[in-house]
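Heads up, the thing below is written out as structure tokens.
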Amino acid sequence: MWVIAGLGNPGSKYANTRHNIGFKVIDQISKETNIPLEKKSTYIIGKGPIDGEEIILLKPFLFMNKSGIVVNKILGKFDVEPNKLIVIHDDLDLAVGVIKIKKNGSSGGHKGVESIIQEIGTKNFIRIKIGIGRDPDIPVEKYVLSDFRPDEKDIINETIIKGVQAVFCIVKDNVDKAMNIFNRPKLNQ
């Protein structure tokens, strides 16, 4: 069993912001697999198969910096080891539309990932980082909560599809194969 957690902030105010790209990928996986999502008090969850593997789709509905509370709860509830956790999140240090898969490591300053590391007590989980770019003229806190520009929307829609394909590849094959396919710059441009 896998837990696939997309990070974002709850509420319609944040729905289309850069910080909510993880939620968008979860929504697309739900759509493509017909796994329904159900709202609980502090999260949205869905359960079903991908290529015969049981998966849990998760959108923590606490704010980004408290994502780890929900992720830890779900890992415990379904008895899933952290190495079977895939976290999908935005990354300021990658250009818009670039995907990078990592097996483990530091949070890179991402508050949601930091919260997960703190709550589950390990860095040993898979991350799918989705580039949202950076604007030196806008403070980071404002930038991540801004919507994508019209000229970025097609790129982001394609990247959401690539994010879904990356998840499917990890679950069906393995993370190394997914890294070989999706971490190549040509594929991401």
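No hydrogens, no waters, no symmetry mates; every other heavy atom, side chains included, goes into these values.
Residue pairs meeting the ring-ring contact (aromatic ring centres under 6.0 Å, His included) criterion with at least one partner in residues 131-165, sequence neighbours excluded, do not occur; the list is empty. For residues 34-62, the ring-ring contact (aromatic ring centres under 6.0 Å, His included) pairs, not counting sequence neighbours, are Phe23-Phe61.
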Under 3.5 Å donor-acceptor pairs involving side-chain atoms of residues 79-92, not counting sequence neighbours:
unit_1	atom_1	unit_2	atom_2	d
Asp90	OD1	His19	ND1	3.0
Asp90	OD1	His110	NE2	2.9
Asp90	OD2	His19	ND1	2.9
Asp91	OD1	Asp93	N	2.7
Asp91	OD1	Leu94	N	3.4
Asp91	OD2	Lys129	NZ	3.4

Could you go through residues 49-60 and list every donor-acceptor pair under 3.5 Å that involves a side-chain atom there, pairing it with any protein atom two or more places apart or in another chain?
unit_1	atom_1	unit_2	atom_2	d
Lys59	NZ	Asp27	OD1	2.7
Lys59	NZ	Asp27	OD2	3.4

Solution key, residues 164-176 side-chain donor-acceptor pairs under 3.5 Å, sequence neighbours excluded:
unit_1	atom_1	unit_2	atom_2	d
Asn174	OD1	Asp176	N	3.1
Asn174	OD1	Lys177	N	2.7
Asp176	OD1	Lys103	NZ	2.7

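Listed by chain and residue number, nothing satisfies the salt bridge (charged side-chain N to carboxylate O under 4.0 Å, His left out) test with Arg127 (two or more places apart in sequence, or in another chain). Residues satisfying the salt bridge (charged side-chain N to carboxylate O under 4.0 Å, His left out) test with Lys24, not counting sequence neighbours, are none. Judged as a salt bridge (charged side-chain N to carboxylate O under 4.0 Å, His left out), and not counting sequence neighbours, the contacts of Glu38 are Lys40. Residues passing the side chain to side chain contact (heavy atoms under 4.5 Å, CB included) test with Leu62 are Thr42, Lys66, Ile69, Val70, sequence neighbours excluded. Under the rule for a side-chain hydrogen bond (donor to acceptor under 3.5 Å, both in side chains), the partners of Ser107 that lie at least two apart in sequence or sit in another chain are Glu114. Every residue two or more places apart in sequence or in another chain that forms a side chain to side chain contact (heavy atoms under 4.5 Å, CB included) with Asn104 is listed here: Asn124.
The closest donor-acceptor contact from the side chain of Ser115 to the backbone of Lys111 lies at 3.5 Å or more, if one exists at all. Without hydrogens or angle criteria, Thr17 side chain to Asp147 main chain gives no donor-acceptor distance under 3.5 Å. Judged by distance alone, with hydrogens and angles left aside, the side-chain atoms of Thr33 form a donor-acceptor pair with the main-chain N or O of Ile29 at under 3.5 Å.
Taking Ile, Leu, Val, Met, Phe, Trp and Tyr as members and joining any whose side-chain heavy atoms lie under 4.5 Å apart, directly or through other members, Ile161 forms no hydrophobic cluster with any other residue.
Side-chain contact between Val25 and Ile4: absent, with no pair of heavy atoms (C-beta onward) separated by less than 4.5 Å.
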Apply the test side-chain contact (heavy atoms from CB on, under 4.5 Å) to residues Arg18 and Glu152: give CA-CA distance (whole Å), side-chain angles for both, the deciding distance (0.1 Å), then the verdict. CA-CA 11 Å; Arg18 294 170 190 275; Glu152 296 172 325; 2.7 Å; yes

So Ile116 and Leu7, side-chain contact (heavy atoms from CB on, under 4.5 Å) or not? Walk me through it. CA-CA 10 Å; Ile116 292 168; Leu7 302 188; 4.1 Å; yes

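When every heavy atom of Ile35 is checked against every heavy atom of Lys47, the shortest pair comes out as CG2-N, 3.5 Å. Minimum interatomic distance between Ser67 and Met64 (heavy atoms only, all atoms of both residues): OG-O, 2.7 Å. The two residues Ser30 and Leu37 come nearest to each other via the heavy atoms OG-CG, 3.6 Å.
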